[in-house]
Amino acid sequence: MIPTDHTDGQALLDTGVHPGAAGASRRGIVADTSKSEELKMAEISGGELLARALEAEGIEFLFGLPSPESDPLISQLEEHGIRLVPVRHEAAGVHMAEGLYKTTGRASAVLGNPGPGSANLLPGVITARHEGVPVLVLTSQHRLGIAYPSPPSTFQGQDQLDVFRPTVKWGGPILEWVRIPEVLRLAFREMWNGRPGPVHVELPAPILYAMGDDETAPVIPPARYRGTGPHACGAQLDEAAVLLAGAERPVAIAGTGVDRADANDALLQIVDLLGCPVMTSMAGRATVRSSHPNYVFGFSTAGDAVRNEADVLLIAGSRVGNLDLPYDKYWGDPTGQRVIQIDVDPLHLGVTRPLSLGILGDARGALEGIAERLRAMDLPVRDGGDLARYRALDEEVRMVQATPILEWAGPGIHPAHAVGVIGAVFDPDAVYTVDGGNTSLWAYSVLPPTRPRSYHSILELGMLGTGIPSAIGAKLGAPEREVVCITGDGAAGFNIMEMQSAAREQLAITTIVFAEGWWTMEEPNELALYGRTFGTAQGEVRWDLVAQGLGCHSEYVERIEDLEPALCRAQEYDGPSLICVRTDHDANLAVPEDMMARFFEVYSGPAPAEAAVGMQGPSTS
């Protein structure tokens, strides 16, 4: 028989399962009929026991493909309230889990079959580790006689534990039926310990097919075996409140950790009490609406002024990474500042800016504790002059950046104009997944304010191809909300086949591909250093026709006036839609000069632009 779905059916022959194992003879797993029917009915398979344990952990979705090695689990999912979502590529399944978590805060599971199926998970798992996404990575394995270690003769054999070890927070195999719930508890405890992340559990086929008495392997709910935290100590919160109350020019800076901890309201309570400016990291765009009266855009000279003049900086849920340009010229002289940093991961504290107070703890609990203490203090009344000055400078900078965009008259479609139309058409409650190089910069700058957990990008690892599957995960987690993916054409090519997954699952997401046919973000460096481009031409792709072949509603837009009606028709369609927008190449290159110069410094460091040698632009991947 020809192996399918990344599996080798023959590898399951002679499984070596202990007496009492049962399975499907279709692929060579012979059921043992030696036990009486009465005794069999008192036992359950390892697959059912695992499904029970997943249900107890609140898992509602498993992204992956079936195989004989995992059939005992997959056959039990529906009965335990878990929806199997087949994928076209396993890495995309992890990105779906990512979109679901970022939108809802709930974890999911992904499944890889032995050998290549599990290997395909790796790009998604690495992304999840960087992004702090909790996901249970399940990998099927052959019979124990040809694993741990796998000899060279094993078809689709590899030591998957070693392969995944550097990409996950914790990993281990289940080598005994009775330990299935216990090993799941080990995995989930570490998944949620501190900063969330992926964990790995290996599933040898014989363990899932084995039968056993469920009373010998109790499934324990999470509240009975793991705690929460870490939580900030009261003395540190007292100290933070005193520092903030005594500050002349405090500022609050929010990262994605505020969003993930549902600490947005607590942060804004502090901002209101202090009357101070508030900014977000690039990745934390959704933590504070840009329409908030105290908001200042951080990636600009207005944000520079706020940080440079601040005497106390409260940084919550951000590691202050290179994308935030943590250099003195943008952040000020550290000798004259007091920095309070709150993070759930001790490795994020004090990495790029020296600290006065590092608080290890959940952002929500820490911010609520600080707000409570500030309310009990006699806080100074601020005249609002500094905030008004910052806001005026912020508006001035925005207008300077917007003027050439507003004056641009074509021909073709300016990507910023297209993003403006998209933001006007879709509901303010919409979830956006953003993917690509320059496309993501336009979306970051132009999209309207979003609510928390509603703007998803990959700004730590920079992985391309996450947008479409992340939108699918977001829609599965929040079916009542509009979900919109904005992606460049380079990024779209990585996982465009998942539009067929959306069609099969009847998910009404809208994907807009900005199609110009170039790896545009790579061109400035090539042109600056070599006077020409190489490897950047993709060629024209009619993404609308691709989507049509995948069962989606699709449209092709060449004129900006046609975009709004096309988007409205996509809104009305009861299923996935893709709009291919032919954006202008020169317009896409014309990212505001100051923004692109800052983005270069992510890679080149804080050297003056005229002195920079070598790297002249960021990488698309």
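Side-chain atoms are counted along with the backbone in the values below, which use heavy atoms only and exclude waters and symmetry mates.
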With a 4.5 Å limit on heavy-atom distance, are the side chains of [X] and [Y] in contact?
| X | Y | result |
| --- | --- | --- |
| Val199 | Leu136 | yes |
| His348 | Ser318 | no |
| Ile270 | Leu367 | yes |
| Pro449 | Tyr455 | no |
| Tyr101 | Pro134 | yes |
| Leu244 | Ile340 | yes |
| Ile458 | Glu98 | yes |
| Phe164 | Thr139 | yes |

Determine whether more than 12 heavy atoms belonging to other residues, nucleotides or ligands lie under 6.0 Å from atom [atom1] of [X].
| X | atom1 | answer |
| --- | --- | --- |
| Arg338 | CZ | no |
| Phe534 | CZ | yes |
| Asp429 | CG | yes |
| Arg364 | CZ | no |

Sequence neighbours left out, what pairs pass salt bridge (Lys or Arg N to Asp or Glu O under 4.0 Å) with at least one residue falling in residues 300-322? Arg249-Glu309, Asp304-Arg307, Asp304-Arg598, Glu309-Arg389, Arg319-Glu460
My understanding is that only residues two or more places apart in sequence, or in another chain, count here; which of them pass salt bridge (Lys or Arg N to Asp or Glu O under 4.0 Å) with Arg391? none
Non-neighbouring partners of Arg382 that pass salt bridge (Lys or Arg N to Asp or Glu O under 4.0 Å), sequence neighbours left out: none
Show the numbers, then the answer: is there a side-chain contact (heavy atoms from CB on, under 4.5 Å) between Ile253 and Leu313? CA-CA 7 Å; Ile253 301 171; Leu313 297 86; 4.0 Å; yes
Do His95 and Thr127 get their side chains close enough for a donor-acceptor pair, meaning under 3.5 Å? no
Answer yes if the side chains of His456 and Thr103 hold a donor-acceptor pair under 3.5 Å, and no otherwise. yes
Side chain [X], main chain [Y], donor-acceptor under 3.5 Å:
| X | Y | answer |
| --- | --- | --- |
| Arg195 | Asp345 | no |
| Asp259 | Pro452 | no |
| Thr433 | Gly467 | yes |
| Gln337 | Val312 | no |
| Lys102 | Ser457 | yes |
| Lys475 | Arg481 | yes |
| Asn264 | Thr287 | yes |
| Thr352 | Val320 | yes |
| Thr536 | Thr533 | no |
| Asn120 | Ala91 | no |

Decide yes or no on side-chain contact (heavy atoms from CB on, under 4.5 Å) for Ile468 and Ile496, but give the supporting numbers first. CA-CA 7 Å; Ile468 292 172; Ile496 189 66; 4.0 Å; yes
Closest non-hydrogen atom pair, [X] against [Y]:
| X | Y | result |
| --- | --- | --- |
| Ala107 | Ile59 | O-CD1, 3.5 Å |
| Leu267 | Ala254 | CD2-CB, 3.5 Å |
| Val251 | Ala310 | CG1-CB, 3.6 Å |

d(Leu314 CG, Ile359 CD1) to nearest 0.5 Å is 7.5 Å
Could you give the distance from OG (Ser454) to CG (Leu447), rounded to the nearest 0.5 Å? 11.5 Å
Residue set satisfying side-chain hydrogen bond (donor to acceptor under 3.5 Å, both in side chains) with Ser281, at least two apart, ordered chain then number -> none
Pairs where residues 273-302 contributes a residue and the test ring-ring contact (aromatic ring centres under 6.0 Å, His included) is met, not counting sequence neighbours: Phe297-Tyr444
Provide the full list of ring-ring contact (aromatic ring centres under 6.0 Å, His included) pairs with a residue in residues 307-338, sequence neighbours left out, each pair given once. none
Please evaluate residues Phe63 and Val94 with respect to the criterion side-chain contact (heavy atoms from CB on, under 4.5 Å), reporting the C-alpha separation (whole Å), side-chain torsions for both, the decisive distance (0.1 Å), and the verdict. CA-CA 7 Å; Phe63 302 98; Val94 189; over 6 Å; no
Assess the residue pair Glu368 and Gln269 against the criterion (side-chain contact (heavy atoms from CB on, under 4.5 Å)); give the C-alpha distance rounded to whole Å, side-chain angles, the decisive distance to 0.1 Å, and a yes or no. CA-CA 8 Å; Glu368 287 178 343; Gln269 288 175 27; 5.8 Å; no
One thing to verify: whether Arg226 and Glu57 come together as a salt bridge, which I'm taking to mean a side-chain N less than 4.0 angstrom from a carboxylate O. yes
